[in-house]
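Before I ask anything, here is the structure I am working with.
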Amino acid sequence: MRKQRKLWVLMLVLAMVAAACGSDDTADTTSAPPAATTTTAAAGTDDTTTTTEAEMIPCSTSTPDGCAGTILLGAAVSETGRFSREGKDTRQGYGTWVDWLNEEYGGIKVGEDRYLVELIQYDDEGDADTAANLVERLITEDEVDFLLGPYSSGLTMGTSAIAERYDVLMVEGNGASETIFERGFQNIFAVLTPAGNYTQSAIKALADAGAETMVIAYEDTAFPTSVGAGAVKWAAEYGVEVLAEETYPLNVADVSAIMTKFRDLDPDIFVGGGHFNDALLFVRGAKEAGWTPKGMVITVGPSNPEFAAEVGVDANYIIGPTQWEASMSWSDEWFGTAAEFAARYEAKWGEKPSYQAAESTATGLALHLAIELAGSLDTDAVRQALRDLNVDTFYGPIDFDDTGKNAGKPMGAIQILDGATQVIAPAEASVADLVYPMPAWDER
Amino acid sequence: MTTDTLSPMRSTMPRWRIGLMALVIASLFAMPLLRDQVDWITNSRLFSFTQMFMLVALASNWNLTGGFTGYVDFGHAVFFGIGAYGTGVLMHNGWEFPPALIAGAIFAAVYALIVGYPTLRLKGPYFSIAMLGTFVAVREIVRVWKGVTGGGVGLTLPPYLNRVAFYYYTLAFALFVVAIMWWIRRSEFGASLIAIREDEIGAEMRGINTTVQKMTAFIVAGFLSGVVGGMWAYQNTFIDPDIVFIESRTIELVMMTMLGGLGTVLGPVLGAATIYWMRDVVWASFLDYHLIVEGLLLILIVLFIPRGIVGMFGDRSGTSLGELWGKWLGKSPPEET
């Protein structure tokens with residue numbers, strides 16, 4: 001009997017362990033870094049140009065005598081937990097910038113001096129309490145000079161409030177929700193295009209092509225809601241009439257009821273806000289309802305190559321907003337073109353950069369350029385420099401407004417053509433022409 | 001079942017133990033005052049303690065229904081969530097923190113009243129699963145009720161973030177909760193709860209109004225956890241359904257209470273403190289495997305010290321999960337020796 005009791009308890013415990021590990025199933029097990037990874041030096045040896053340049057620059061990790069000091073940065077970024085995948089991209093994006101800065105560029109110029117950068121990263125486990133605690137620790141115990149952001153809007157919300165309280169600047173590239181910038185904070189700056197502007201380029205391109213009416217469906221969570229509200233705004237701006245707006249809760253398995261309703265309204269374009277899985281539902285739902293809109297704009301899914309693989313030919317002609325694509329025509333004097341950045345990233349990490357990785361590198365670059373512009377490490381001076389910053393980068397233009405949002409960067413849009421994602425907007429970054437209207441499902 | 005577990009706990013605590021507790025409490029109160037003298041005491045450390053105090057209070061509340069009354073609640077975090085949302089919504093609409101906090105806790109208590117009435121009729125694992133169901137249901141309601149809760153987008157609260165203030169709020173509240181639990185355990189009410197845990201039908205036959213007693217415990221636990229939720233919301237400055245309503249929060253409380261000693265006053269306190277700090281160490285040393293290591297430790301604890309830390313030191317007044325559920329899963333387990 002005693003045995004049986006233990007069996008029950010054992011089963012309960014195993015269930016708990018399974019629950020605990022379930023959230024960890026996408027964790028990166030290949031890299032296995034320590035709890036606090038400090039990225040000062042690394043890799044780069046496979047790149048021959050790096051070594052020759054490093055010999056010439058007076059300040060680098062191999063020639064630290066020429067440096068005036070080290071600027072300490074801190075970030076709490078998920079390594080385990082629900083954001084482990086995106087957190088890994090974020091870490092690698094930060095790492096790309098740090099290594100380039102310390103190995104090739106020769107440290108941040110502050111007046112006449114050069115400073116190396118040391119980045120302390122902790123794992124926030126995707127948990128709000130842990131992230132808050134770690135940012136508190138970075139500020140009060142590690143005494144970092146500046147903070148880089150965590151992954152996700154929710155974690156950026158809580159941690160940016162702590163940065164604000166201690167008056168430490170936080171530059172981030174992975175919190176797109178508009179609410180972050182509506183709190184009057186003076187110390188948060190984000191390089192990515194905020195969620196409200198996600199559909200701007202796509203709606204403009206479609207309106208220019210003749211679209212007049214639109215319907216919108218989006219998941220009722222922070223990011224898609226901001227996307228939906230933005231779509232309504234941009235529709236009004238470009239003269240497109242919104243016929244209907246529908247929301248649905250997280251984790252639905254079917255949106256065909258919404259699609260059937262939309263079919264009867266017969267709008268020109270459909271805008272869908274959600275995550276990867278929602279994009280699949282939208283396409284399947286529209287096809288099942290026997291409805292081919294002239295244009296379909298869907299967030300997150302289409303810009304991911306897996307989308308076309310999963311949906312097959314139906315993925316063609318779908319339009320998706322994207323923060324960044326390696327094929328975009330942006331470039332700068334530091335990382336070169338978007339494609340060159342992608343090549344550098346792939347050589348270093350062995351995988352193609354996602355846009356989360358690119359925006360993380362751009363986050364570091366923005367802080368770096370602001371410090372150089374300020375010519376000082378003083379918080380007030382660097383904050384002012386961040387506001388004054390107006391620069392084109394491999395990631396796109398960076399020009400912060402007073403709330404800390406990047407007002408300069410248009411969101412890109414891709415269209416899937418022959419199974420490949422092609423940038424079709426904005427005009428200055430596009431590499432292909434928009435196909436509008438898209439052919440019916442059965443004529444492909 | 002011994003008569004010892006049924007009678008109110010006698011006050012036979014040895015002097016040294018009272019002295020030790022007084023010393024710990026005094027040091028905790030003094031800690032923030034020594035911030036300038038001791039390097040170890042940073043705002044980040046105070047924040048860690050704040051989180052631990054909240055867990056101590058939550059685990060103690062969970063123990064009131066789970067440990068004393070024997071109703072293992074797998075959805076207890078719902079009270080935390082309702083408290084957080086009650087406080088958050090009211091503060092978002094301009095209320096001051098203290099009235100918003102109280103109102104949030106009252107919402108949690110009212111919810112306990114409404115949900116407890118039907119669900120407390122269920123026994124053993126059936127109650128546990130039903131509570132998990134209501135937890136998920138409330139999260140979805142919060143998500144859908146956009147006009148009030150902000151839906152999936154969430155709500156921001158005015159940032160206050162005074163670590164020292166929160167440290168004292170949560171410390172004082174955790175002590176208050178533990179004191180209430182101590183008092184309940186010694187009271188007739190507490191004895192009734194234990195009687196319900198040990199033999200509900202027998203308790204009823206002896207004239208205990210089991211429904212009223214169970215409901216009272218449930219509502220008190222709900223109210224107190226609602227207060228913790230409200231404090232958490234103000235301290236985090238932001239709430240959304242996925243940050244507030246986390247299933248693992250309840251599992252944590254169950255773990256902590258089981259480690260410390262189910263059904264004892266000090267068990268949840270020791271369990272919460274041990275797991276919180278253990279996690280800090282484990283997490284730093286076994287980064288990739290920390291969840292597995294935690295799980296294994298829990299298995300060892302459950303198998304080898306089912307009555308928790310308190311039980312290990314000879315306190316037999318508590319119970320174990322096997323005893324609680326064993327009744328409803330066919331056979332009654334033997335008395336622990």
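Below, chain A is the first sequence line, B the second, and so on; all start at residue 1. All values reported here derive from a predicted model rather than from experimental measurement.
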- Item | A:I162, part contacting chain B, at a heavy-atom distance under 4.5 Å |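 For A:I162, the contact with chain B is made by backbone and side chain together.
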- Separation between CD1 of B:I243 and CG of A:L155, rounded to the nearest 0.5 Å: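 Taking CD1 in B:I243 and CG in A:L155, the distance rounds to 6.0 Å.
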- Inspect the surroundings of CG in B:N93 and state if more than 12 heavy atoms from other residues, nucleotides or ligands are less than 6.0 Å away.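 Atom CG in B:N93 is packed in, count exceeds 12.
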- Where does A:Y166 contact chain B at under 4.5 Å (heavy atoms): side chain, backbone, both or neither?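 Contact with chain B is through the side chain of A:Y166 alone.
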- Message: When you compare the side chain of A:M157 with that of B:T237, does any pair of heavy atoms fall below 4.5 Å?
- Response: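 The answer is no; the side chains never approach within 4.5 Å.
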- Item | A:T140 and B:R163 side chains, donor-acceptor separation under 3.5 Å |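 Absent: no donor and acceptor within the cut-off.
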- Message: With chain A as the partner, which of B:T50, B:T156, B:N236, B:D39 has the greatest number of non-hydrogen pairs under 4.5 Å?
- Response: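 Among B:T50, B:T156, B:N236, B:D39, the one with the most close pairs to chain A is B:T156.
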- Task: First locate atom CG of A:L138, then atom OG of B:S44, and finally report the distance between them rounded to the nearest 0.5 Å.
- Result: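 Output value for this atom pair is 8.5 Å.
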- Among B:S48, B:G150, B:P241, B:P158, which residue forms the greatest number of heavy-atom pairs with chain A at distances under 4.5 Å?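 Option with the top pair count is B:S48.
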- How close do A:A128 and B:W232 get, heavy atom to heavy atom, and via which atoms?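 Heavy-atom minimum between the residues: CB-CZ2, 4.3 Å.
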- Message: Under a 4.5 Å cutoff for heavy-atom pairs, which residue among A:V135, A:T179, A:T225, A:D129 has the most contacts with chain B?
- Response: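 The option with the most such pairs is A:D129.
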- Item | Residue among B:R45, B:E140, B:Q51 with most heavy-atom pairs under 4.5 Å to chain A |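 Option with the top pair count is B:Q51.
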- Toward chain B, the part of A:F185 with a non-hydrogen atom under 4.5 Å: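 Answer is side chain: those atoms of A:F185 sit under 4.5 Å from chain B.
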- Query: With a 4.5 angstrom heavy-atom cut-off, which part of A:S153 approaches chain B: side chain, backbone, both or neither?
  - Reply: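 Answer is neither: A:S153 stays 4.5 Å or more from chain B.
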- What part of B:L157 lies closer than 4.5 angstrom to a heavy atom of chain A: side chain, backbone, both or neither?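 Backbone only.
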- Query: Would you call A:D127 and B:I246 a side-chain contact if the rule is heavy atoms closer than 4.5 Å?
  - Reply: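 Heavy-atom side-chain distance check passes, below 4.5 Å.
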- Segment of B:R139 engaging chain A (4.5 angstrom heavy-atom cut-off):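 Neither part, no heavy atoms under 4.5 Å.
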- Message: I'd like to check B:T42 versus A:R137 (side-chain heavy atoms, cut-off strictly below 4.5 Å). Are they in contact?
- Response: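 Result no, sub-4.5 Å side-chain heavy-atom pair not found.
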- Please look at B:E247 and chain A and tell me whether the side chain, the backbone, both or neither of the residue comes under 4.5 angstrom of a heavy atom of that chain.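 For B:E247, neither part sits under 4.5 Å from chain A.
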- Query: chain B: which of A:S177, A:S226, A:A132, A:G126 shares the most heavy-atom pairs with it under 4.5 Å?
  - Reply: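 It is A:A132.
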- Task: Begin from the C-alpha positions of A:D220 and B:K146 and carry the test side-chain contact (heavy atoms from CB on, under 4.5 Å) through to its verdict.
- Result: CA-CA 9 Å; A:D220 172 32; B:K146 273 190 270 185; 3.4 Å; yes
